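In what follows, a single structure is set out as structure tokens and then discussed.
Nothing here was measured: the structure is a model prediction, and the numbers come from that model. Throughout, protein chains are lettered first and strands after them, A, B, ... in sequence-line order, and every chain is numbered starting at 1. Scope of the values below: all heavy atoms of this structure, side chains included, with no hydrogens, waters or symmetry mates.
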Amino acid sequence: MDTQAFIHERFSEFYSGNANGIEAPRSIENREFGFTLFKENMMVRHKGFINADELRDFIKRNAPSNVYYSTAYYSVPEAKMDEKGWLGSDLFFDIDADHIPAKCNKIHDSWACRKCGLRGRGPAPGKCPSCGNESFDERTWPCEICLEAARVETMNLMDILTSDLGFSFSDIKCSFSGHRGYHVQVESEEVLKLDSIARKEIVDYVTGTGIDVLFHGLESVRRDGGKLIVGPGLDEKGWRGRAARGTYEFLLAATPEDLRRLGLKKSIVDEIIANKDLMLESWAFGGPWNIVKGLGLKGWSKIVQRGVSLQSAKIDTVVTVDIHRLIRLPNTLHGKTGLLKVSFPPNEIEEFDPLKRSVAFRKGDVKIYVEEAPKFRLGDESFGPFKKQTVTLPLSAALFLLCKDAARVVD
Amino acid sequence: MSSSARPRNSKGREMAKTLTLEDMAKYPFMPEAAEEVRKLGFRIDGLFEADYAPILDRAERRVIEALTTNPPEVRYDPSLYKEDVEMLSFPVAVALVTSLANEYVKRRYALAEARRAYELLKRESEEKIVEIARKFGWRIRFSGEKSGVIKFDFALNFIDYLRNASSFHDKDWKLINKFVINGEVHLSKQEVARLLQEEIRRYIEGKIDPKIKSALPEKIFERAEKIKQTYSSSFKELPTEDFSPSEAAEEAFPQCIMELYKAAQSGRHVPHVGRFALTSFLINIGMSPGLIVDLFRRSSDFNERMTRYQIEHIAGERGSGTKYTPPKCDTLQTHGLCPGMDDICRRIKHPLTYYRRKMRAVKAKRVKESKG
Ligand code: SF4
């Protein structure tokens with residue numbers, strides 16, 4: 001059987017039983033919808049619906065491979081882009097493993113050169129080592145380590161949104177994207193009218209871009225006839241405290257190699273390593289800023305800058321500043337995994353298990369031929385790794401591989 | 001908490017006072033002042049009666065001061081003008097500027113009035129500043145919050161902050177370099193006054209509305225015409241970003257553009273922001289849309305019709321008809337497209353400025369070479 005047709009059928013079955021779980025976004029009548037369809041294999045945009053039932057009917061009838069809606073509100077969502085009449089947009093953040101370095105080094109991902117067909121593991125190289133071509137087909141997998149890295153970034157983001165920017169948990173919607181990351185959406189009236197420039201300032205705030213730590217308490221002061229370097233304290237609010245905590249975290253784990261990479265002189269690196277315990281202890285009394293001889297404002301700035309990057313949230317910057325963005329609708333299936341985008345209360349993020357909660361298909365087995373796949377988990381079960389073999393898997397796991405285009409159905 | 005002796009008030013809104021006549025002379029753009037003007041039964045078509053001569057004269061002076069001072073600033077001199085003249089002359093000056101229908105004069109006038117307000121606000125009490133800011137809908141309060149050794153006077157809702165500060169380019173105005181807690185940005189008095197200047201500037205620009213032009217009396221146009229004749233040399237046209245060199249000199253591209261350019265040439269995937277930056281850059285330096293289409297031809301997802309459409313859109317040949325300029329350096333930095341700065345980068349904020357500077361150097365070098 002044709003794999004695409006098989007997936008389409010399963011999606012269709014799923015939606016005929018579960019479309020009622022799809023909730024209408026706030027002010028559905030002002031949102032633009034977009035879909036990718038199995039047959040046409042293209043994007044249909046500029047759709048509008050006046051209520052949840054109409055939307056659910058459409059999804060049931062077409063069983064799209066992906067369902068999107070706009071973060072923006074429009075007077076006429078069906079109109080052409082420049083005639084829609086923009087009314088405002090939610091503030092939206094996308095945290096995707098693609099943008100986050102993780103300990104697994106993405107070894108589960110693979111690429112194939114579009115020209116000579118050479119294959120390799122991990123993220124695609126800049127240039128094909130064999131023919132020098134620079135474009136690739138890539139296949140990425142949501143692994144637990146990647147997802148964990150994305151969770152940490154999401155938690156950093158949520159901390160900034162609540163402690164610094166003052167949003168409450170009730171303003172924030174958090175979801176697992178159904179693939180490799182998380183979505184965080186602020187739906188407060190407050191943010192609706194923010195233009196792209198203001199949103200860019202927010203992006204810079206959460207990513208730590210353009211920070212100058214000299215504005216956050218790192219300074220050289222004259223005291224008792226000498227010069228003294230002082231810095232922010234661990235328990236301070238805003239970026240001051242965050243910069244201090246990040247610096248602490250960095251120094252705690254820093255190797256001489258890490259420090260040298262910041263461009264510090266060898267003598268200073270040695271001094272830091274030798275005095276590390278003392279430095280970390282001194283945080284209790286206002287920080288280590290003055291302990292290392294020869295380490296001035298410039299050197300400290302470099303170290304604190306590293307600390308800042310540990311505390312920042314690595315989001316997809318383009319998504320947040322785009323006020324016309326289409327995003328995946330919660331409780332719909334992801335066409336690349338067959339998993340659901342699921343929302344959860346922001347304060348539950350620590351316990352949330354994305355690979356369990358997003359499983360949509362719970363019954364039946366399917367026989368498939370797998371080209372190649374790393375080991376993966378869905379729900380409480382692990383599967384694989386597989387290489388050129390025929391296996392019978394639970395529907396959810398089989399669909400996952402089929403959607404990833406790593407397998408085909410065996411009759 | 002702070003030990004300041006200043007009277008403090010946590011429920012500021014309840015304390016809202018009304019502005020005095022002196023306040024309205026200083027800040028004649030406030031809604032209260034407009035209300036007062038109405039109460040006085042002042043009408044613009046009665047303006048040409050002899051009684052009103054001082055008002056008309058002062059209005060004219062306001063516009064002239066805006067055009068002839070540098071940096072532009074309307075004067076405030078209570079010994080020279082009575083409070084009611086100062087207040088009533090503002091709407092008349094707005095009418096004069098409106099009838100001049102010149103974008104440059106409009107911006108310059110709004111700026112000159114706003115800068116005057118800034119100078120006055122800096123010297124006001126904290127209460128007065130809060131009162132005025134709240135009239136513009138700002139959520140602001142006294143704070144006295146301390147961060148390290150610095151004490152801040154005000155706490156302003158961060159959205160109200162962004163609305164005014166995001167057009168400032170210095171890094172000390174970036175949100176991330178501010179002390180932000182719980183949705184509030186902590187600021188000094190001078191900073192609040194500067195942000196208010198921005199709010200006031202936009203507010204006044206908004207009042208100069210060409211739609212009301214037809215409702216103005218003929219006499220206003222006559223006066224405006226006089227100003228125009230005397231000061232036409234100050235009526236500069238707005239400087240535009242446009243320039244078209246005869247050839248696109250790759251040598252003068254900044255690193256960010258160079259990398260995108262090479263990526264496109266070799267058919268590597270260029271993300272959407274990158275495509276936009278590159279295309280708008282090339283269009284602005286005078287490369288033709290056709291050549292740019294060719295540049296993207298090697299990309300694996302090349303679609304001639306779409307690419308052409310997008311490029312012509314950016315060039316302003318389609319859609320809204322506006323020609324786009326490339327993003328500024330700090331936007332490119334936000335999206336990770338700035339590969340790091342060189343010496344020229346440190347002195348500029350826009351890749352086009354980089355190009356123009358480098359171009360001059362490159363041309364000078366070529367001239368030298370051809371002579372030597
Ligand atoms: S500083 Fe500006 S011009 Fe220079 S490389 Fe970065 S983005 Fe380009």
Exercise for the section: Can you check whether anything in residues 183-194 of chain B gets within less than 4.5 Å of chain A, heavy-atom wise, and list it by number? Expected result: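 Result: B:Gly183, B:Glu184.
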Handout entry: Contact check, side chains of A:Val184 and A:Met158, non-hydrogen atoms, under 4.5 Å
Key =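 Result yes, sub-4.5 Å side-chain heavy-atom pair found.
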Problem - Any side-chain heavy-atom pair of A:Val321 and B:His335 under 4.5 Å - result: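 Side-chain contact under 4.5 Å: yes.
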Practice task
Looking only at non-hydrogen atoms, find the nearest pair between A:Ala244 and A:Gly233 and report the distance.
Solution key: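 Looking at all heavy atoms of both residues, the shortest contact is CB-O, 3.5 Å.
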Practice task
Among A:Arg139, A:Arg119, A:Arg180, find the one that has a salt bridge (charged side-chain N to carboxylate O under 4.0 Å, His left out) with A:Asp109.
Solution key: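 Going through the options one by one, the only one that passes is A:Arg180.
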Exercise for the section: Please name all residues satisfying side chain to side chain donor-acceptor pair (under 3.5 Å) with A:Thr207, sequence neighbours left out, ordered by chain then number. Expected result: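 Once residues adjacent in sequence are excluded, the partners of A:Thr207 under the side chain to side chain donor-acceptor pair (under 3.5 Å) criterion are A:Thr209.
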Practice task
Compute the centroid of each ring, for B:Phe253 and then for B:Tyr354, and state whether the two points are separated by less than 6.0 Å.
Solution key: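 No, the ring centres sit 6.0 Å or more apart.
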Exercise for the section: For the residue pair A:Tyr74 and A:His324, confirm or rule out a side-chain donor-acceptor distance under 3.5 Å. Expected result: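 Distance-only check passes for A:Tyr74 and A:His324.
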Practice task
Spell out the residues in residues 186-203 of chain A that have some non-hydrogen atom less than 4.5 Å away from a non-hydrogen atom of chain B, in order of number; otherwise answer 'none'.
Solution key: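 The residues closer than 4.5 Å to chain B, in numerical order, are A:Glu190, A:Val191, A:Leu194, A:Ile197, A:Ala198, A:Lys200, A:Glu201, A:Ile202, A:Val203.
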Problem - Segment of A:Phe167 engaging chain B (4.5 angstrom heavy-atom cut-off) - result: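 Contact with chain B: side chain only.
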Report, one line per pair, each donor and acceptor closer than 3.5 Å where one atom sits in a side chain of residues 158-165 of chain B; sequence neighbours left out.
{"unit_1": "B:Asp160", "atom_1": "OD1", "unit_2": "B:Arg139", "atom_2": "NH2", "d": "3.0"}
{"unit_1": "B:Asp160", "atom_1": "OD1", "unit_2": "B:Arg163", "atom_2": "NH1", "d": "3.2"}
{"unit_1": "B:Asp160", "atom_1": "OD2", "unit_2": "B:Arg139", "atom_2": "N", "d": "2.8"}
{"unit_1": "B:Asp160", "atom_1": "OD2", "unit_2": "B:Arg139", "atom_2": "NE", "d": "3.2"}
{"unit_1": "B:Tyr161", "atom_1": "OH", "unit_2": "B:Trp173", "atom_2": "O", "d": "2.7"}
{"unit_1": "B:Asn164", "atom_1": "OD1", "unit_2": "B:Glu199", "atom_2": "N", "d": "3.4"}
{"unit_1": "B:Asn164", "atom_1": "OD1", "unit_2": "B:Arg202", "atom_2": "NH2", "d": "2.4"}
{"unit_1": "B:Asn164", "atom_1": "ND2", "unit_2": "B:Asp160", "atom_2": "O", "d": "3.2"}
{"unit_1": "B:Asn164", "atom_1": "ND2", "unit_2": "B:Glu199", "atom_2": "OE1", "d": "3.1"}

Exercise for the section: Mind telling me whether B:Phe276 and B:Tyr324 have parallel, tilted or perpendicular rings, with 30° and 60° as the class edges? Expected result: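 Perpendicular.
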